[in-house]
Amino acid sequence: MPLRKLSHLTLLVLVLLTGLSVYFVAQLRFNYNFNDFYPAGDPDLAYYEKYSARFGNDNDYVLLGLEAPAGRTVFDSQFLTRVDSLTRFIQQRPHIEHVTSPTNATNPVVEGLGMFNVPYLHPAEPARRAADSALVYRTPGLVDNLIARDARAVTILFQTSPNLSKPPGDSMLAAVRTELARQGFAENQYHLAGKLVAQSIFVDRLQRELVVFMSLSVVLVTVLLWFTFRTWWGVVLPLVVVLGAILWGLGLMSACGVSIDLMTALLPVMLFVVGMSDTIHIITRYVTELGYGTAKREALLITLKESGFGSGLSALTTSIGFFTLMTSTIRPIYNFGLFTGIAVLLTFLLSFTLLPAMLMLLKKPQLRVPRSQGHSWDGVLGRMFRTVLARRRLVVTVSGLILATSIASAMQIRINSALLDDLSKNDPVKLDFRFFERHFAGVRPFELDLQPAGDRTVYDLAVLRQTERIGTYLQRDYGLNFLASPVTIVKSVRKALNGGLVEEYRLPDSETELQRIVNKIKLFRKKPEFRALALPDGHEGRITGRMPDVGSIKADALNANLRRFLRQQTDSTVVRTRLTGSANLIDKNNENLTLNMISGMSIDIVMVTIIVLALFRSLRMTAIVLIPNLVPILIVAGVMGLAGVSMKVSTSIIFTIAFGIAVDDTIHFISKLKLTLQHEPNLFKAVRKTYLMAGKAVIVTSLILVGGFSTLIFSSFDGTFYVGLLIGLTLLFGVVAELTLLPILIIYFYKHKVKEMRQPVPALGG
């Protein structure tokens, strides 16, 4: 079949497939589900899912903090009237299951066969202000939970429907903000926190930043392509190929039912800059052949023959770099690795179908400066090649010193994460969360499952005493600022039976008194604050609480001490305990981060080793290829250690991705060297010729990669910022190593089979 006819047929098929992709992309949705970051397949996750089915999720709530006007306290009657009005408004909203507020908190009193709820606060009766405030400060569970210790702020907590999605959640939050404005609360007088708030903000930012990053990347790449090729087709054709690959990748993701989240939002930008590599290598080689006077058809065939093998290998290694992220137990990272890896392969497919078809159908381009004896890049690269070899000892020495320093700094990297890790410390959302840590119990949930042993229930006196001991430890040594458990129910009932007196808020002294209390518990069981603390039959309960977000390093230490305390200070024949909850699951991710990163890097290194061995059948060449690509990784690890950047979910992907991308140019280089050695037995001349042929493409692709990833530093998410910065630095160091260390290592350590024609390395200027 004639090439032109084949090109038309290829374009037709690709256009049809692209149209199908556009259909699926139109259905793509943005999503941020906090639960997706739990470690998939972990036994603790399965346990928590069953636990939350019995007691409810520990993060289906929103905290609304309200600051009193300047010069007043929260006990001011006008302020409390507005708080009460707002509480009633929230109670009437859809998807609200329960609202806890200072104005609806009550002190239960049992008289006869009935129970009366006496409010702690009376906004309409200013004369009772002093007595109310005194009672509040004496009553456990109110101060630091609903009312700040300095009486300058209050909290309204509203429990939402389980796993509420973004649209109804956004609608509810918008209604609350509107009512806050109507009630006269300025934006700096209220603070919102909770999973629903983070979910809303994150998704909105993902949409906005995706547009910004893609726009910046397109502009940057367009400028670089223009300065490189100085032709309209040298700019347009690569853009068409890569944008087509992005559409295919996103379309496939949508067809598989995967939404765009914090990780997969990086796919378009990542693919846009990574996918340019093959097109640039093809066009560079094509232009080079045309510059030597080769006819268009022959130039294209030579280009495909020489670039196809190297591009195929580089696409394979780059995609493997992403596929290794599938070792992660975190679903967003798994999806990101899977679909970005597939999209890299799709880019290779389009580069060798769509791009050649378009080049074939276009007229032979008029080169700006046709040359028959090489190109202007040849002179620059030739001088660079001679300089590197002439100063090889300096290059190796400096590299060794930087590497040693980097390894020492990398030892300082710590694995640490927090619930809002991806927000910068001055982000308004994070500042709102910090407000609740400064003035109230905090936002980090705590869950401990209680299972009485034998035929006991959570209302058994021995179980209650053990639970109380655990609660005391949690508040004194663990750091919980708010805590509730079956002990809370029993103490509250005892207080209610004794006229609501605060001093009666304690466990009973005898089994007889306890039995009388247990008989009255059914009056309290339907109260929202008590019904989730114990199952109706009493055979399981929970300790739940909140604390500041201390970070995973400190949390791990606290949990280790807690488990030791539970082993040594509790009797498992009375009650068994198990730490669970959403925060515990997020902390568990850290245990897997290092293992996942090491396994991902190991797979990458093994695959590159296999490829190089298959090409050269030489262990020396394998080491020669790996060194220039591992050095930048270690240098960036040193930068992380020096800058105090912690290893966490978002930054754990950096090394695997960076190695997979950085090795791309090395694969191109050695595959061209392999072809060159077939007709140039002299190793030095073969390396020099390869350096001149591949150098331009290596530099241009690296500039595009570094520039493309650098656009991510404008993200408001810390994780995305560091991905852009650190991968960009890795690739920058990588191209330096590629153009300096790699040729030195090949010439001086690779033993080429044909040795008789080797010549001494010329000095500078030789």
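Residues: numbered from 1 along the sequence shown.
- With contacts defined as side-chain heavy-atom distances shorter than 4.5 Å, the pair Phe24/Leu250 does not qualify.
- By the 4.5 Å heavy-atom criterion applied to side chains, Cys256 and Leu252 are counted as neighbours.
- The existence of a salt bridge linking Asp170 and Arg177 is excluded, since no basic side-chain nitrogen approaches an acidic carboxylate oxygen closer than 4.0 Å.
- To the nearest 0.5 Å, atoms OG (Ser582) and CZ (Arg444) are separated by 8.5 Å.
- Ring pair Tyr51/Phe55 is tilted by interplanar angle, where 30° to 60° counts as tilted.
- Although no hydrogens or angles enter the test, the distance criterion places no donor-acceptor pair under 3.5 Å between the side chain of Thr318 and the main chain of Ala315.
- Summarising the geometry, atom OG belonging to Ser21 is positioned 12.0 Å from atom CD1 belonging to Ile246; distances are rounded to the nearest 0.5 Å.
- Partner of Asn629 under the side-chain hydrogen bond (donor to acceptor under 3.5 Å, both in side chains) criterion, out of Thr666, Asp604, Thr317: Thr666 alone.
- Of all non-hydrogen atoms in Ala737 and Pro628, the two that sit nearest each other are CB-O, 3.5 Å.
- Taking every heavy atom of both residues into account, Leu350 and Gly244 meet most closely at CD1-C, 3.7 Å.
- Between Met640 and Leu726, some side-chain heavy-atom pair lies under the 4.5 Å cut-off.
- Across Gly337 and Met326, no two heavy atoms sit closer than the pair C-CG, 4.4 Å.
- Looking only at distances, a side-chain donor or acceptor of Thr340 sits under 3.5 Å from a matching main-chain atom of Phe336.
- Looking at heavy atoms from C-beta onward, Ile282 lies in side-chain contact with Phe352 at the 4.5 angstrom threshold.
- No side-chain heavy atom of Leu192 sits under 4.5 Å from any side-chain heavy atom of Leu63.
- With rounding to the nearest 0.5 angstrom, the CD atom of Glu97 is 6.5 Å from the CD atom of Gln159.
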I'd like a table of donor-acceptor pairs (distance under 3.5 Å, sequence neighbours excluded) in which one partner is a side-chain atom from residues 214-222, with atom names and distances.
| unit_1 | atom_1 | unit_2 | atom_2 | d |
| --- | --- | --- | --- | --- |
| Ser215 | OG | Val211 | O | 2.7 |
| Ser217 | OG | Phe213 | O | 2.8 |
| Thr222 | OG1 | Val218 | O | 2.6 |

Ile657 vs Met270, side chain to side chain contact (heavy atoms under 4.5 Å, CB included): CA-CA, chis, key distance, verdict
CA-CA 10 Å; Ile657 293 176; Met270 193 82 64; 4.2 Å; yes

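- Summarising the geometry of Leu164 relative to Gly169, their closest heavy-atom pair is CD2-CA, 3.9 Å, with the distance given to 0.1 Å.
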Residues Tyr334, Leu325; criterion side chain to side chain contact (heavy atoms under 4.5 Å, CB included); working and verdict:
CA-CA 6 Å; Tyr334 177 95; Leu325 297 178; over 6 Å; no

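- With contacts defined as side-chain heavy-atom distances shorter than 4.5 Å, the pair Leu239/Met276 qualifies.
- Counting heavy atoms from C-beta on, the side chains of Phe709 and Leu731 come closer than 4.5 Å.
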Criterion side chain to side chain donor-acceptor pair (under 3.5 Å) on Thr264 and Asn335, from CA distance to verdict
CA-CA 7 Å; Thr264 52; Asn335 288 336; over 6 Å; no

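- Closest approach of Val258 to Leu28, counting heavy atoms only: O-CD1, 3.4 Å.
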I'd like to know whether Leu16 forms a side chain to side chain contact (heavy atoms under 4.5 Å, CB included) with Leu20, so could you lay out the CA-CA distance, the side-chain angles of the two residues, the decisive distance to 0.1 Å, and finally the verdict.
CA-CA 6 Å; Leu16 291 174; Leu20 183 63; over 6 Å; no

Quick one, Glu209 with Thr720, criterion side chain to side chain donor-acceptor pair (under 3.5 Å). Give me CA distance, side-chain angles, the key distance, then yes/no.
CA-CA 10 Å; Glu209 292 192 356; Thr720 306; 5.1 Å; no

Go through the steps to decide whether Lys430 and Asp549 satisfy the test salt bridge (Lys or Arg N to Asp or Glu O under 4.0 Å), and finish with yes or no.
CA-CA 11 Å; Lys430 200 161 192 173; Asp549 190 8; over 6 Å; no

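- Taking CZ from Phe659 and OG1 from Thr730, the interatomic distance works out to 11.5 Å, rounded to the nearest 0.5 Å.
- Side-chain contact between Pro238 and Ile280 is absent, with no heavy atoms from C-beta onward closer than 4.5 Å.
- Summarising the geometry, atom CD1 belonging to Ile633 is positioned 9.0 Å from atom CD1 belonging to Ile727; distances are rounded to the nearest 0.5 Å.
- Residues Asp60 and Thr160 have side chains that never bring a donor and an acceptor to within less than 3.5 angstrom of each other.
- Val242 and Leu271 get closest at one heavy-atom pair: CG1-O, 3.7 Å.
- Ser351 places a side-chain N or O within 3.5 Å of a backbone atom of Thr347 that can act as its donor or acceptor partner.
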Stepwise side chain to side chain contact (heavy atoms under 4.5 Å, CB included) test for Leu712 and Phe721
CA-CA 5 Å; Leu712 300 180; Phe721 170 86; over 6 Å; no

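- With rounding to the nearest 0.5 Å, the separation of CE in Met253 from OG in Ser259 is 7.5 Å.
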